[in-house]
Protein chains: 2
Amino acid sequence: MNKSETKVLVALERVGGFASAQEIHRILQRGSQSIGLTTVYRALQSLLNDKIVDLLRKDDGEAIYRLCGETHHHHLVCKSCGATVEIEGGAIEKWAKNIATQHGYTDIGHMAEIFGLCSKCST
Amino acid sequence: MNKSETKVLVALERVGGFASAQEIHRILQRGSQSIGLTTVYRALQSLLNDKIVDLLRKDDGEAIYRLCGETHHHHLVCKSCGATVEIEGGAIEKWAKNIATQHGYTDIGHMAEIFGLCSKCST
DNA sequence: TCACAGAATGAAAATGATTGTCATTTTCAG
DNA sequence: CTGAAAATGACAATCATTTTCATTCTGTGA
Ligand SMILES: [Zn+2]
Ligand SMILES: [Zn+2]
Ligand SMILES: [Zn+2]
Ligand SMILES: [Zn+2]
């Protein structure tokens, strides 16, 4: 765990959720923790190897990272106004794990979101 | 459904699984169905909108597409080789509906995917 | 303390998928 | 047939990510 990796971790902590490499870089530039973009990528690569961060992909394919072990949750989002509710996913966690092990898959992750119209927007 | 979209669909049928835009383009170039790369991307975009194809992401972020079955389902995907299993989502459908109505949301949809390492890749 | 090998760093260039532009061609309703 | 609108594709632009490579740091043995 070298100095750059620590800086990236601190940035991710501050963010508290997902962030792309570029966002992390921007954040660090702003403060006094300046660090090169290349190094951000290298640090993330290394943190991934050590399973200290998670990687997901946005819809457009950009990679986003977050600290592992942050509380995992899902979203219920209004299609019209964007109002969002955070969901504890107990049931779905089990579902994912069951299905995956049933098919011999390991190192399992999942994504789930629910869309709809909130009460305000559905009048 | 215009001519290019049809060509792309035919190519996807021949492939029988996932293919990237570039692969589809290469395949069509080979045969007598030549078509521009830009047009392949446009056709895929359009087919996505109409939910005629599915989009997934390889590990490196590249988009891959395939024909979508007509029934609603979810995917269990290998992060490494892309091997995919289609999942009947009974449990998750109920979960989504419950959560959403609990919060007063209507007109509900959802997304869910499970990813992991398939048995071959998890050595 | 000094010298030096190897690791770490980052600026700049390279890569590669995807998207934007725009002039040209095709389609088709009137 | 004719003009408007849609479709097409060559090419340029964008943007995340990776490579390169010269430079700077760091620790270790003399
Ligand atoms: Zn709403
Ligand atoms: Zn979950
Ligand atoms: Zn696999
Ligand atoms: Zn479902």
Side-chain angles (χ1 to χ4, degrees), chain A residues 1-12 15 17-67 109 111, chain B residues 1-12 15 17-68 77-82 84 113 115:
Chain A
M1 170 83 64
N2 62 29
K3 207 173 274 186
S4 323
E5 290 169 26
T6 309
K7 288 182 186 174
V8 167
L9 278 187
V10 170
L12 272 176
V15 169
F18 286 103
S20 70
Q22 316 258 355
E23 281 166 350
I24 293 169
H25 179 235
R26 230 174 295 131
I27 289 169
L28 291 174
Q29 293 283 291
R30 212 174 289 140
S32 56
Q33 302 302 310
S34 190
I35 191 184
L37 179 56
T38 312
T39 307
V40 171
Y41 275 106
R42 271 192 293 241
L44 285 169
Q45 203 58 46
S46 170
L47 292 169
L48 262 184
N49 270 336
D50 302 347
K51 311 213 182 201
I52 296 173
V53 303
D54 265 349
L55 179 159
L56 279 184
R57 300 248 168 218
K58 292 195 305 182
D59 270 358
D60 66 357
E62 188 181 359
I64 52 182
Y65 307 80
R66 74 166 168 194
L67 287 177
M111 275 193 72
Chain B
M1 171 83 63
N2 62 32
K3 207 172 273 184
S4 322
E5 291 169 25
T6 307
K7 289 182 186 172
V8 167
L9 278 188
V10 170
L12 272 176
V15 168
F18 285 103
S20 70
Q22 317 258 355
E23 281 165 352
I24 292 170
H25 179 236
R26 228 174 296 130
I27 289 168
L28 291 174
Q29 293 282 290
R30 213 175 288 140
S32 56
Q33 301 301 310
S34 190
I35 191 183
L37 178 57
T38 311
T39 307
V40 171
Y41 275 106
R42 269 193 297 244
L44 285 169
Q45 202 56 48
S46 169
L47 292 169
L48 262 186
N49 270 335
D50 301 346
K51 312 208 183 201
I52 296 171
V53 302
D54 265 350
L55 179 158
L56 280 184
R57 300 255 168 211
K58 293 195 306 184
D59 241 10
D60 65 358
E62 187 183 0
I64 50 182
Y65 307 80
R66 76 160 169 190
L67 287 176
C68 211
V77 189
C78 175
K79 287 189 279 194
S80 167
C81 71
T84 303
E113 275 193 49
F115 33 85

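By convention in this document, chain letters (A, B, ...) are assigned in the order of the sequence lines, proteins followed by strands, and residues within each chain are numbered from 1.
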Close N/O contacts between protein and nucleotides 23-30 of chain C (under 3.5 Å):
from: C/dT27; atom 1: OP1; to: B/Lys3; atom 2: NZ; distance (Å): 3.4

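You'll find the side chain of B/Leu48 stays beyond 4.5 Å of the side chain of B/Leu44, heavy atoms only. At a threshold of 4.5 Å between non-hydrogen side-chain atoms, the residues A/Lys7 and A/Thr39 do not count as touching. At a threshold of 4.5 Å between non-hydrogen side-chain atoms, the residues B/Glu23 and B/Val15 do not count as touching. B/Val53 has its side chain within reach of B/Leu9: a pair of non-hydrogen atoms, C-beta onward, lies under 4.5 Å apart.
Atom P of nucleotide D/dA16 and atom CD1 of A/Ile24 are separated by 13 Å, given to the nearest angstrom. Protein atom NE2 of B/His25 is 9 Å distant from nucleotide atom C1' of D/dG9, rounded to whole Å. The CD1 atom of A/Ile35 sits 15 Å away from the C1' atom of D/dC25 (whole-angstrom rounding).
Exactly one residue among A/Ile35, A/Val40, A/Val10, A/Ile64 makes a side-chain contact (heavy atoms from CB on, under 4.5 Å) with A/Ile24. That residue is A/Val40. Just one of A/His25, A/Arg26, A/Gln33 meets the side-chain contact (heavy atoms from CB on, under 4.5 Å) condition when paired with A/Gln29; it is A/His25.
Listed by chain and number, the residues in a side chain to side chain contact (heavy atoms under 4.5 Å, CB included) with B/Glu62 are B/Ser20, B/Gln22, B/Lys58, B/Asp60 (sequence neighbours excluded).
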Counting primed atoms, P, OP1 and OP2 as sugar-phosphate and everything else as base, the B/S/- map of nucleotides 11-19 of chain C against protein heavy atoms under 4.0 Å is BB----SBB
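At least one side-chain nitrogen or oxygen of A/Thr39 sits closer than 4.0 Å to the OP1 or OP2 atom of C/dG10. The shortest distance between the side-chain N/O atoms of A/Asn2 and the OP1/OP2 oxygens of D/dC25 is not below 4.0 Å.
When all heavy atoms of B/Leu12 and B/Gly17 are compared, the pair lying nearest together is CD2-O, 4.1 Å.
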